[in-house]
Asker: 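The structure follows.
All chains are named by letter (A, B, ...) in the order of the sequence lines, taking the proteins before the strands, and each is independently numbered beginning at 1.
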Amino acid sequence: MFNKRTKIKALLASEQTGIDVTVMGWVRSFRNSQFIALNDGSTNNNIQVVAELGLLDEATLKRINPGASLKVTGQLIESPAKGQKVEIKATSVEILGDCDPEKYPLQLKNRPTLEFLREKAHLRFRTSTFGAIFRVRHSLAFAVHKFFNDKGFLYLHTPIITSSDAEGAGEMFRVTTLPFDKTPRKEDGTVDFAEDFFGKSTNLTVSGQLEGELGATAFSDIYTFGPTFRAENSNTTRHLAEFWMIEPEMAFYDIQDNMDLAEEFIRYIIKYAMDNNREDLEFLAQRLVEEEKALPADKRSELGLIEKLEFVVNNGFERITYTEAIDILLQSPAYKKKKFQYPVSWGIDLQSEHERYLVEKHFKKPVIVTGYPKAIKAFYMRQNDDGKTVAAMDILAPGIGEIVGGSQREERLEKLEQRMAEMNIPTHEMDWYLDTRRFGTVPHAGFGLGFERMVLFVTGMTNIRDVIAFARTPKNCEF
RNA sequence: UCCUCAGUAGCUCAGUUGGUUAGAGCAUCUGACUGUUAAUCAGAGGGUCUCCCGUUCAAGUCGGGACUGAGGAGCCA
């Protein structure tokens, strides 16, 4: 019976009027004891339900409060008033769930801050801003699968629990069933993980890449899209302890192929959201304009959100080498005026201020930087012939920073083992990985894209906690 | 983890040099009105000034500490 209702998005787009409809949703506002703005999350727009005076008794009227859930039946008619094309002339209004206005934290007329709503993450979905964000997020996620599926990639589920501790991608969350009060110890006093559930030390994954490479060297092209965990004590607008990462891995790809794919991929999913979430993006664009009114003119975005996205979809990314990036920085007015806090020279890891300068001041568009010094990059990246650099690539996005990190992988067993030895990575625990190089090794490449950072970029939001449903950050694991 | 800033009504904020009973808008409640668009109008209620310790005749206000949050940095996606 409940599935006979029509979603509000469909009703608002309806060409037909005069038809009988059933609609269900939550009250956004109730004006003049007659006009109910009803929302069901299918769109940011509400449908106006008109309950003519006399239709409902006093007791029912008092229960139509913001947040209450209703089942309404009536006729979809052309609205006689301005403000909406169609409305529902109700013949019955049934209250499915009451909402006590004294306790309900969301009130349309209030302007709760994003910080306040973070503490009400279970209710913030009902606000216009978060409704728009999460519909856009959904579209981006769907577009990820569509993009790779259309290209013949295989969606590989890499493990959440791993025993590998050689990935070097930050602090890990330990997974254990050992008791804290009487931890089994070995004779030397260290914890005896042989007693643990898996018989060894295990952690939540920080990357599916190494397992992804096993898939790519059999299926040719794979991608992963799953939760990823980092136990870093990072308190920033762009880090989460639990986030979603997309990691494609492709056999018979070199670094150029890798860049081409990453760029095509990013432009594709943005385009998909623009084609399918126009209203939500326009709402978010307007929100950004309002928010930036409080900022001094020189701190505001040069382009509106929609214009920024169109620009990225229609223009290629800038591609430079690390060495070129260093040269640009050394030649920059900012460097000459000593505006950088950190020194610039070949060999340094680019700091946030350097990346920002390149992306936001110099190129004013996404930039792909390749050919980093091998000393500052991971062991699995392919060594270039110059002996100094590796075939790494980072994609830097305006306002976000690093959105993609990737590389061509070192497929030559000897070079890989040599590098692992130099970086003190125990090869004996990595035989399963090295086997890909022992048995029919191939040139291959891949990258990781932080999904929430992508959502930040597309929605114009500035804090990563506002684009994930239930944010996990240091000292915060509610809901 | 480091630096800076903040915490006052349900929400957003003001609160002077330390000084009597702590202020506004919105929300809520009561009433009026009824084709409204964040409806409007009138009235009412609503406070452990985050917590602890200290200075002082006197602390929302000054000092120390804790907790929480925000922004920036590092780590990174």
Side-chain angles (χ1 to χ4, degrees), chain A residues 28-37 45-54 61-62 65-67 77 79-84 87 89 99-120 127-128 167-171 206-209 225 227-247 262 295 299 341-342 349-356 376-378 394-397 400-406 447-457 462-468 471 473-476 478:
Chain A
R28 280 281 172 90
S29 78
F30 186 32
R31 294 182 293 266
N32 229 341
S33 308
Q34 290 182 76
F35 303 99
I36 305 164
N45 298 312
N46 307 319
I47 194 153
Q48 172 155 285
V49 173
V50 183
E52 290 185 336
L53 293 175
L61 284 173
K62 277 196 190 294
N65 294 311
I77 60 167
S79 178
K82 288 180 183 174
Q84 57 280 318
E87 62 188 29
K89 185 180 176 183
C99 186
D100 184 345
E102 295 210 43
K103 291 177 183 160
Y104 191 52
L106 307 179
Q107 299 294 344
L108 191 63
K109 279 190 164 187
N110 275 331
R111 289 274 174 97
T113 56
L114 296 171
E115 293 82 40
F116 172 73
L117 291 169
R118 266 172 229 155
E119 294 171 9
K120 312 279 177 219
T127 65
S128 298
E167 285 153 19
E171 293 295 311
V206 294
S207 165
Q209 181 201 315
F225 186 1
T228 310
F229 308 87
R230 305 265 168 99
E232 299 286 350
N233 193 3
S234 296
N235 295 286
T236 77
T237 52
R238 58 193 186 283
H239 289 88
L240 291 163
E242 176 181 297
F243 63 100
W244 289 67
M245 188 153 65
I246 297 145
E247 294 181 289
L295 297 174
K299 296 258 171 124
Q341 195 188 333
Y342 290 87
D349 208 351
L350 295 179
Q351 302 294 314
S352 284
E353 59 178 1
H354 305 142
E355 295 180 349
R356 284 195 120 97
I376 60 172
K377 288 293 182 183
D394 283 0
I395 301 183
L396 311 175
I400 314 291
E402 188 176 339
I403 198 162
V404 162
F447 61 86
L449 178 137
F451 186 57
E452 282 77 17
R453 289 187 180 178
M454 193 69 223
V455 182
L456 274 183
F457 184 77
T462 52
N463 191 316
I464 202 162
R465 295 159 210 194
D466 293 328
V467 299
I468 189 166
T473 53
K475 302 278 186 277
N476 178 18
E478 291 301 309

Asker: Please tell me which of A:Glu115 and A:Asn233 maps to the more 5' nucleotide of RNA chain B, matching each residue to the nucleotide holding its nearest heavy atom.
Answerer: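 Counting from the 5' end, the first nearest nucleotide belongs to A:Asn233.
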Asker: May I ask you to decide if A:Pro105's main-chain N or O and A:Gln107's side chain share a donor-acceptor pair within less than 3.5 Å?
Answerer: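 No, because the side chain of A:Gln107 does not come within donor-acceptor range (under 3.5 Å) of the backbone of A:Pro105.
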Asker: For residues A:Arg28 and A:Ser128, determine if any side-chain heavy atom of one lies less than 4.5 Å from a side-chain heavy atom of the other.
Answerer: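 Sidechains of A:Ser128 and A:Arg28: in contact.
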Asker: Roughly how many Å apart are B:rG18 and B:rA58, using the P atom of each and rounding to a whole number?
Answerer: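 Between the two P atoms, the distance is 15 Å.
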Asker: C1' atom, B:rG23 versus B:rC62: distance in rounded Å?
Answerer: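 Their C1' atoms lie roughly 23 Å apart.
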Asker: Between the base of B:rU1 and the side chain of A:Glu232, is there a donor and acceptor pair under 3.5 angstrom?
Answerer: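 Check fails, no donor-acceptor contact within cut-off.
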Asker: Roughly how far apart, to the nearest Å, are B:rC49 and B:rA59 at atom C1'?
Answerer: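 11 Å, rounded to whole Å.
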Asker: Which nucleotide in the list B:rG74, B:rA70, B:rC29 gets nearest to the side chain of A:Pro101?
Answerer: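 Out of B:rG74, B:rA70, B:rC29, the nucleotide with an atom closest to A:Pro101's side chain is B:rC29.
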Asker: Counting only side-chain N and O atoms of A:Thr237, is one of them less than 4.0 Å from OP1 or OP2 of B:rA70?
Answerer: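 For B:rA70, OP1/OP2 do not have a side-chain N/O of A:Thr237 under 4.0 Å.
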Asker: If you only use heavy atoms from C-beta on, which nucleotide in B:rA77, B:rU12, B:rG74 is closest to the side chain of A:Arg238?
Answerer: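 Of all the options, the side chain of A:Arg238 is nearest to B:rG74.
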Asker: Only pairs with both distances under 3.5 Å count, Watson-Crick or wobble alike; so what is the partner of B:rG74 in this structure?
Answerer: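 Because no pair has both required distances under 3.5 Å, B:rG74 counts as unpaired.
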Asker: Take atom C1' in B:rU50 and the same atom in B:rG69, then report the distance between them in whole Å.
Answerer: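 Those two atoms are separated by 11 Å.
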Asker: On the side chain of A:Gln84, is there an atom forming a donor-acceptor pair with the base of B:rU37 - under 3.5 Å, no angle test?
Answerer: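 Between B:rU37 and A:Gln84, which were checked side chain against base, a qualifying N/O pair under 3.5 Å is present.
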Asker: Of the nucleotides B:rG35, B:rU68, B:rU28, which has the atom closest to the A:Gln48 side chain?
Answerer: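 Of all the options, the side chain of A:Gln48 is nearest to B:rG35.
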Asker: May I ask you to decide if A:Gln341's main-chain N or O and A:Glu353's side chain share a donor-acceptor pair within less than 3.5 Å?
Answerer: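 Looks like yes, one N/O pair under 3.5 Å.
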Asker: Is it the case that the side chain of A:Asn110 and the backbone of A:Pro112 share a donor-acceptor pair, with hydrogens and angles ignored and the cut-off at 3.5 Å?
Answerer: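 No, the answer is negative, given that no donor and acceptor are paired below the 3.5 Å cut-off.
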Asker: Please state the C1' separation for the pair B:rC11 and B:rU20 - nearest whole angstrom.
Answerer: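 One C1' to the other, the span is 30 Å.
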Asker: Can a donor-acceptor pair under 3.5 Å be found between the side-chain atoms of A:Ser234 and the base atoms of B:rC75?
Answerer: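 Side chain to base: pair present.
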Asker: Keeping the roles fixed (side chain from A:Arg238, backbone from A:Gly401), state whether a donor-acceptor pair exists under 3.5 Å.
Answerer: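 Not at all, since once roles are kept as given, no pair shorter than 3.5 Å links the two residues.
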Asker: Do the side chains of A:Arg453 and A:His239 get nearer than 4.5 Å, heavy atoms only?
Answerer: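 Of all side-chain heavy-atom pairs linking A:Arg453 with A:His239, at least one is under 4.5 Å.
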Asker: What interatomic distance, in whole Å, is found between P of B:rG10 and the corresponding atom of B:rG47?
Answerer: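 Comparing P positions in B:rG47 and B:rG10 gives a spacing of 8 Å.
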Asker: So which nucleotide does B:rA44 pair with, by the Watson-Crick or G-U wobble rule with both distances under 3.5 Å?
Answerer: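 Its partner is B:rU28 (Watson-Crick or G-U wobble, both distances under 3.5 Å).
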Asker: Suppose we define a pair by two distances each less than 3.5 Å, Watson-Crick or G-U wobble; what does B:rC33 pair with here?
Answerer: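 Across any shown strand, B:rC33 pairs with none.
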Asker: Should A:Lys377 and A:Asp394 count as an ion pair when the cut-off is N to O under 4.0 Å?
Answerer: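 Between A:Asp394 and A:Lys377 there is a salt bridge, with a charged N closer than 4.0 Å to a carboxylate O.
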Asker: Looking only at the aromatic ring of each residue, does the gap between the centers of A:Phe35 and A:Phe30 stay below 6.0 angstrom?
Answerer: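 No: the rings miss the under 6.0 Å criterion.
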Asker: Checking ring pair (Phe, Tyr, Trp, His ring centres under 6.0 Å) against A:Phe451, which of A:Phe457, A:Phe243, A:Phe225 comes through?
Answerer: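 Per the ring pair (Phe, Tyr, Trp, His ring centres under 6.0 Å) rule, the option paired with A:Phe451 is A:Phe225, out of A:Phe457, A:Phe243, A:Phe225.
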Asker: Given that both distances must come in under 3.5 Å, which nucleotide forms a Watson-Crick or G-U wobble pair with B:rG18?
Answerer: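 Paired with no nucleotide.
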Asker: Now, which nucleotide makes the Watson-Crick or G-U wobble pair with B:rG54, with each of the two distances under 3.5 Å?
Answerer: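 In the structure as shown, B:rG54 has B:rC62 as its Watson-Crick or wobble partner.
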Asker: Whole-Å distance between B:rC11 P and A:Lys120 NZ?
Answerer: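 So the NZ-P distance, A:Lys120 to B:rC11, works out to 7 Å.
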Asker: From B:rC11, B:rC75, B:rU36, pick the nucleotide closest to the side chain of A:Pro112?
Answerer: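 Minimum distance to the A:Pro112 side chain belongs to B:rC11.
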Asker: From CD of A:Glu353 over to C1' of B:rA73, roughly how many Å is that when rounded to an integer?
Answerer: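 Checked: the CD to C1' distance equals 10 Å.
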Asker: Report the distance from atom CD of A:Gln341 to atom P of B:rC3, rounded to the nearest whole Å.
Answerer: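 Interatomic distance, CD of A:Gln341 to P of B:rC3: 14 Å.
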Asker: Any base atoms under 4.0 Å from A:Phe116, or only sugar-phosphate, or nothing? Heavy atoms, all strands.
Answerer: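 Contact class for A:Phe116: sugar-phosphate only.
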Asker: For A:Glu119 and B:rG69, what is the distance between atoms CD and P respectively, to the nearest whole Å?
Answerer: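 Taking CD of A:Glu119 and P of B:rG69, I get 8 Å after rounding.
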Asker: The side chain of A:Ser29 lies closest to which of these nucleotides: B:rC76, B:rU28, B:rA39?
Answerer: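 In terms of side-chain proximity for A:Ser29, the closest of B:rC76, B:rU28, B:rA39 is B:rA39.
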Asker: Counting any heavy atom closer than 4.0 Å, what does A:Phe447 reach on the DNA or RNA strands: base, sugar-phosphate only, or nothing?
Answerer: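 No contact.
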Asker: Looking at B:rU37, I'd like to know if its phosphate oxygens (OP1 or OP2) sit under 4.0 Å from a side-chain N or O belonging to A:Arg28.
Answerer: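 Answer no for this pair, as no side-chain N or O of A:Arg28 is under 4.0 Å from OP1 or OP2.
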Asker: Which whole number of Å gives the distance between the C1' atom of B:rA32 and that of B:rU48?
Answerer: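 Roughly 38 Å separates the two C1' atoms.
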Asker: Mark yes or no for whether A:Arg230, through its side chain, and A:Val206, through its backbone, hold a donor-acceptor pair below 3.5 Å.
Answerer: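 Yes; judged by distance alone, with no hydrogens or angles, the pair exists.
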Asker: Base of B:rG35, side chain of A:Glu87 - is there a donor-acceptor contact under 3.5 Å?
Answerer: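 For A:Glu87, whose side chain was compared with the base of B:rG35, there is a donor-acceptor pair (under 3.5 Å).
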Asker: Students often get this wrong, so: under 4.0 angstrom with heavy atoms, is A:Asn235 touching a base, only sugar-phosphate, or nothing?
Answerer: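 Touches a base.
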Asker: Starting at CD1 of A:Ile400 and ending at P of B:rC76, how long is that distance when rounded to a whole Å?
Answerer: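 Whole-Å distance recorded here is 18 Å.
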Asker: To the nearest Å, how far apart are A:Arg31 CZ and B:rC33 P?
Answerer: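 Those two atoms, CZ and P, are 21 Å apart.
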Asker: Among the candidates B:rU68, B:rA77, B:rU12, find the nucleotide nearest to the side-chain atoms of A:Thr113.
Answerer: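 Between B:rU68, B:rA77, B:rU12, the one nearest the side chain of A:Thr113 would be B:rU12.
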Asker: For A:Gln107 and B:rG10, is the shortest distance between a side-chain N/O and OP1 or OP2 below 4.0 Å?
Answerer: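 A:Gln107 to B:rG10 OP1/OP2: no side-chain N or O under 4.0 Å.
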Asker: Please give, in whole Å, the distance from B:rC76 P to A:Trp244 CH2?
Answerer: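 Taking CH2 of A:Trp244 and P of B:rC76, I get 24 Å after rounding.
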Asker: Considering Watson-Crick and G-U wobble pairs with both distances under 3.5 Å, what does B:rA39 pair with?
Answerer: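 Base partner found: none.
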Asker: For the side chain of A:His239, starting at C-beta, report the closest nucleotide among B:rC75, B:rA77, B:rC29.
Answerer: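 Ranking B:rC75, B:rA77, B:rC29 by closest atom to the A:His239 side chain puts B:rC75 first.
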Asker: Base, sugar-phosphate or nothing for A:Thr228? Non-hydrogen atoms, less than 4.0 Å.
Answerer: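 Here A:Thr228 touches no strand at all.
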Asker: Which value, in whole Å, describes the distance between the C1' atoms of nucleotides B:rG74 and B:rA6?
Answerer: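 Here B:rG74 and B:rA6 have their C1' atoms 23 Å from each other.
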Asker: Measure from the side-chain N and O atoms of A:Glu87 to the backbone N and O of A:Val49, and report whether any donor-acceptor pair falls under 3.5 Å.
Answerer: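 Side chain of A:Glu87 to backbone of A:Val49, a donor-acceptor pair under 3.5 Å: no, none is there.
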Asker: Identify all pairs in which a protein N or O lies below 3.5 Å from an N or O of nucleotides 23-26 of chain B, and state each distance.
Answerer:
{"unit_1": "B:rC26", "atom_1": "O2'", "unit_2": "A:Lys109", "atom_2": "O", "d": "3.2"}
{"unit_1": "B:rC26", "atom_1": "O2'", "unit_2": "A:Asn110", "atom_2": "OD1", "d": "3.1"}
{"unit_1": "B:rC26", "atom_1": "O2", "unit_2": "A:Asn110", "atom_2": "OD1", "d": "2.9"}

Asker: Kindly say if A:Asn46 contacts the phosphate of B:rA38, meaning a side-chain N or O under 4.0 Å from OP1 or OP2.
Answerer: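 So the side chain of A:Asn46 is outside the cut-off, no N or O lying under 4.0 Å from OP1 or OP2 of B:rA38.
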Asker: Under 4.0 Å, heavy atoms only, any strand: does A:Leu240 hit a base, just the sugar-phosphate, or nothing?
Answerer: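 The answer is base, as A:Leu240 lies within the cut-off (heavy atoms under 4.0 Å) of a base atom.
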Asker: Under a 3.5 Å limit for both distances, which nucleotide forms a Watson-Crick or G-U wobble pair with B:rU68, could you say?
Answerer: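 Check on B:rU68: paired to B:rA6, both distances under 3.5 Å.
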Asker: Checking all strands, does A:Lys475 fall into the base, sugar-phosphate, or nothing category for heavy-atom contacts under 4.0 angstrom?
Answerer: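 Sugar-phosphate only.
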Asker: Going by distance alone, is a donor N or O of one side chain under 3.5 Å from an acceptor N or O of the other, for A:Glu247 and A:Ser207?
Answerer: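 There is such a pair (donor and acceptor under 3.5 Å, judged by atom type) between the side chains of A:Glu247 and A:Ser207.
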Asker: On RNA chain B, check which nucleotide each of A:Phe243 and A:Thr473 is closest to and give me the residue with the more 5' one.
Answerer: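 Looking at the nearest nucleotide for each, A:Thr473 comes out on the 5' side.
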Asker: Return the value, rounded to whole Å, for the distance between atom CD1 of A:Ile376 and atom P of B:rG74.
Answerer: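 From A:Ile376 CD1 to B:rG74 P: 13 Å.
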